[in-house]
Amino acid sequence: PTAPAAALLRTGDVLVELDGHAIANDGSFAIGGQERLSFAHLIHLKFAHQTIGLRVLRAGEELELEVPVRPLQRLIPPTAYDEPLPYFIYAGLVFVPF
């Protein structure tokens with residue numbers, strides 16, 4: 001829900017093509033003879049604030065969309081080595097200072 005594509009895509013949309021590469025049912029695309037990679041690889045090739053072209057199938061019609069690429073917002077703050085965490089997890093509960 002934090003990705004820019006969330007504002008453009010709807011439940012039930014089928015990703016058909018990403019940046020000119022046909023996407024298979026398993027979310028992969030062909031490179032070379034029999035090699036396949038996840039479609040996420042195509043997104044990782046882009047720099048922040050560039051756009052990536054999508055072709056989706058929505059309600060029987062193909063739509064062409066341009067989606068901006070940007071880093072995802074982290075739901076949990078990143079941690080660095082040798083620093084205390086800003087939260088504590090115990091028995092499935094997350095404790096944070098407030």
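Below, each value reflects all heavy atoms present in this structure, side chains not excepted, and no hydrogens, waters or symmetry copies. Keep in mind it's a predicted model, so treat the numbers as computed, not measured.
- Contact detail for E66 and L8: the closest heavy-atom pair is O-CD1, 3.7 Å.
- Closest approach of R10 and D13 over heavy atoms only: N-OD2, 2.9 Å.
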Using side-chain contact (heavy atoms from CB on, under 4.5 Å), reason through I31 and H21 one step at a time and then give a plain yes or no. CA-CA 9 Å; I31 56 164; H21 297 274; 5.9 Å; no

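- Linking Ile, Leu, Val, Met, Phe, Trp and Tyr whenever their side-chain heavy atoms come within less than 4.5 Å leaves F88 and V94 in two separate clusters.
- When side chains are defined from C-beta on, L18 does not count as touching F29, because their heavy atoms never get closer than 4.5 Å.
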Decide yes or no on side-chain contact (heavy atoms from CB on, under 4.5 Å) for L65 and L9, but give the supporting numbers first. CA-CA 9 Å; L65 305 171; L9 297 175; 3.9 Å; yes

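- Within a 6.0 Å sphere centred on CZ of F95, other residues, nucleotides and ligands contribute more than 12 heavy atoms.
- Between I43 atom CD1 and H41 atom NE2 the span is 11.0 Å, to the nearest 0.5 Å.
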Walk me through it: do L45 and D19 pass the test side-chain contact (heavy atoms from CB on, under 4.5 Å)? CA-CA 11 Å; L45 293 175; D19 214 25; over 6 Å; no

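- Using a distance-only test at 3.5 Å, with no hydrogens or angles considered, a donor-acceptor pair links the side chain of Q50 to the main chain of F47.
- Cluster annotation: I89 is connected to V96 through the hydrophobic network of ILVMFWY side chains, with a link wherever side-chain heavy atoms come within less than 4.5 Å.
- Interatomic distance, OG of S38 versus NE2 of H44, reported as 7.5 Å (0.5 Å rounding).
- Atoms OG1 and CZ, from T11 and R58 in turn, are 10.0 Å apart once rounded to the nearest 0.5 Å.
- Transitive grouping of hydrophobic side chains (ILVMFWY, heavy atoms separated by less than 4.5 Å) keeps L57 and L63 in distinct clusters.
- Remark: E17 CD to E64 CD distance equals 7.0 Å, nearest 0.5 Å.
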Decide side-chain contact (heavy atoms from CB on, under 4.5 Å) for V14 and V56; before the verdict, give the C-alpha distance in whole Å, the side-chain angles of both, and the deciding distance to 0.1 Å. CA-CA 5 Å; V14 178; V56 296; over 6 Å; no

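- Inter-residue side-chain proximity for F39 and L15 is flagged as met; some heavy-atom pair is nearer than 4.5 Å.
- Heavy-atom minimum distance, A30 versus R36: CB-NH1, 3.4 Å.
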